[in-house]
Amino acid sequence: MDGRVVITGIGGLCGLGTDAASIWRGMCTGVSAIGPIANPELHELAGVIGCEIKTLPEHDITRRRLVSMDRFSLLAVLAAREAMQQAGLSSEEQNTYRFGAAVGVGVCGWDAIEENYRALLLNGAKRAEVLTAPRVMPCAAASQVSMHFGLRGPVFGATSACASANHAIALAVDQIRLGRADVMLAGGSDAPLVWGVLKSWEALRILAPDTCRPFSADRKGVVLGEGAGMAVLESYEHASRRGAAILAEIAGIGLSADAFDIVSPVAEGPEAAMRACLKDARLNVEDVDYLNAHGTGTKANDQIETAAIKRVFGEHAYSMSISSTKSVHAHCLGAAGALEMIACVMAIREGIAPPTANYNERDPNCDLDVTPNVPRERKIRIALSNAFAMGGLNAVLAFRQV
């Protein structure tokens with residue numbers, strides 16, 4: 001990689017908490033925020049579990065702006081606000097075209113879609129709400145972040161299912177390396193806890209009935225959650241020039257596609273992405289201390305990810321700490337990689353590998369050290385984050401201690 005890109009601010013919210021610090025504390029305790037969904041708008045889904053944000057944090061976003069935002073866009077703006085505050089940054093007239101944003105989204109504005117379908121098809125409404133189209137478009141979160149913070153540089157959305165956030169971060173890094181921006185807000189957001197989305201996942205027969213148990217022999221499937229995570233990325237020179245506190249460096253990126261099946265994963269694609277990431281970062285396999293696994297809790301995904309990790313890391317696969325924090329915040333789709341970015345950054349900073357919660361039984365096909373139930377203190381200089389999406393789209397990020 002040519003040119004260093006560093007992280008100077010992080011922000012997030014999900015069922016674990018409404019800021020990055022509370023999310024990290026929840027990850028470390030290993031106490032899951034997954035439970036019955038309380039949203040009364042989720043028709044005919046009694047008994048479905050998920051990971052909800054119970055109460056949003058206070059904010060100063062005007063009602064005029066709010067009516068143009070679907071929930072996933074609002075979550076992205078709130079996470080971005082926290083990241084910008086920690087970084088101590090604001091865009092001003094002299095730099096506004098050097099600041100940009102890239103926001104990954106998995107399922108876009110389904111709140112607005114459902115509101116309008118119900119109004120039109122069930123309640124006899126004659127027309128849709130006037131701002132429906134701009135609320136539901138996948139790039140809406142990036143646009144709202146741009147408008148809220150006055151970012152006039154490269155701004156775009158990334159949509160690649162569960163790998164969207166990692167792809168957005170990777171693309172944001174590229175903008176800085178190519179000289180198109182000095183600062184990029186990057187991450188992901190999703191709010192999939194709506195009737196139509198949950199019914200579609202229910203039809204796949206991969207939703208867990210109780211909780212998410214990644215890598216445990218008794219795992220029963222995935223659990224969906226909502227949330228957002230954002231990071232302030234800067235060129236190392238820009239961050240150093242203004243005396244910013246650097247949280248971590250993005251050391252490498254690896255991208256690949258399975259080119260195999262729309263729903264069934266294979267090991268070769270994830271393997272290629274991890275190898276590409278290590279090569280990009282100029283790392284040996286022994287350099288990696290912690291790996292935040294994709295770890296969805298489905299039988300096939302966890303087994304295939306384990307096999308891919310073994311292929312890449314060999315014997316070192318048994319020496320590094322691995323965990324899936326989806327066990328506590330569920331699978332937030334387009335936001336998943338962004339929340340797991342927070343896990344990697346904080347693991348490096350605090351020397352703690354967060355646990356895989358809800359782990360009960362060893363699976364001989366998932367026999368690596370997945371940090372079951374209890375966090376582990378260890379020196380973490382390099383952390384990897386895996387994101388493997390439906391459709392075979394893979395994105396792996398490496399983070400380095402600075």
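Starting from 1, each residue takes its place in the sequence as its number.
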Tell me whether [X] is salt-bridged to [Y], with the criterion being a basic N under 4.0 Å from an acidic carboxylate O.
{"X": "Arg219", "Y": "Asp363", "result": "yes"}
{"X": "Asp367", "Y": "Lys310", "result": "yes"}
{"X": "Glu237", "Y": "Arg241", "result": "no"}
{"X": "Asp174", "Y": "Arg180", "result": "no"}
{"X": "Glu268", "Y": "Arg311", "result": "yes"}

Around [X], counting heavy atoms of other residues, nucleotides and ligands shown, do more than 12 lie under 6.0 Å from its [atom1]?
{"X": "Tyr236", "atom1": "OH", "result": "no"}
{"X": "Glu58", "atom1": "CD", "result": "no"}
{"X": "Gln94", "atom1": "CD", "result": "yes"}
{"X": "Arg118", "atom1": "CZ", "result": "yes"}

Starting at [atom1] of [X], measure out to [atom2] of [Y] and round the result to the nearest 0.5 Å.
{"X": "Leu397", "Y": "Ser385", "atom1": "CG", "atom2": "OG", "answer": "5.5 Å"}
{"X": "Ser324", "Y": "His294", "atom1": "OG", "atom2": "NE2", "answer": "8.5 Å"}
{"X": "Leu224", "Y": "Asp190", "atom1": "CG", "atom2": "CG", "answer": "9.5 Å"}
{"X": "Asn166", "Y": "Leu393", "atom1": "CG", "atom2": "CG", "answer": "12.0 Å"}

Whether [X] side chain and [Y] backbone form a donor-acceptor pair below 3.5 Å:
{"X": "Ser189", "Y": "Phe72", "value": "yes"}
{"X": "Glu249", "Y": "Phe399", "value": "no"}
{"X": "Asp302", "Y": "Pro214", "value": "no"}
{"X": "Gln144", "Y": "Ser68", "value": "yes"}
{"X": "Ser164", "Y": "Val105", "value": "yes"}
{"X": "His316", "Y": "Val285", "value": "yes"}
{"X": "Thr371", "Y": "Ile322", "value": "yes"}
{"X": "Asn358", "Y": "Ser327", "value": "yes"}
{"X": "Asp287", "Y": "Asn284", "value": "yes"}
{"X": "Asp289", "Y": "Arg381", "value": "yes"}

Whether the [X] and [Y] side chains hold a donor-acceptor pair (N or O, under 3.5 Å, no angle test) is what I'd like checked.
{"X": "Asp182", "Y": "Asn95", "value": "no"}
{"X": "Thr296", "Y": "His331", "value": "no"}
{"X": "Glu234", "Y": "Thr8", "value": "yes"}
{"X": "Asn386", "Y": "Glu305", "value": "yes"}

> Stepwise, does the side chain to side chain donor-acceptor pair (under 3.5 Å) test hold for Tyr290 with Asn292?
Replying inline: CA-CA 7 Å; Tyr290 170 65; Asn292 189 290; 3.1 Å; yes
>> Show me the pairs that pass salt bridge (charged side-chain N to carboxylate O under 4.0 Å, His left out) and involve residues 328-353, at least two apart or across chains.
In response: Lys326-Glu340
> Checking side chain to side chain donor-acceptor pair (under 3.5 Å) for the pair Ser73/Asp70: CA distance, chi angles, key distance, verdict?
Replying inline: CA-CA 6 Å; Ser73 293; Asp70 204 71; over 6 Å; no
>> Using every non-hydrogen atom in the two residues, find where Pro265 and Ile304 come nearest and quote the distance to one decimal.
In response: O-CD1, 3.2 Å
Would you be so kind as to tabulate the donor-acceptor pairs closer than 3.5 Å made by side chains of residues 199-209, with sequence neighbours excluded?
unit_1 : atom_1 : unit_2 : atom_2 : d
Lys199 : NZ     : Glu202 : OE1    : 3.0
Ser200 : OG     : Val197 : O      : 2.6

> Looking at Val232, Ile23, Leu247, which hits side chain to side chain contact (heavy atoms under 4.5 Å, CB included) with Ile10?
Replying inline: Leu247
> Should His148 and His59 be marked as a ring-ring contact (aromatic ring centres under 6.0 Å, His included) after you check the CA-CA gap, both sets of side-chain angles, and the distance that decides it?
Replying inline: CA-CA 12 Å; His148 192 82; His59 58 76; 8.8 Å; no
> Trp110 ring centre to Arg71 NZ or CZ under 6.0 Å, with the angle to the axis within 45°?
Replying inline: no
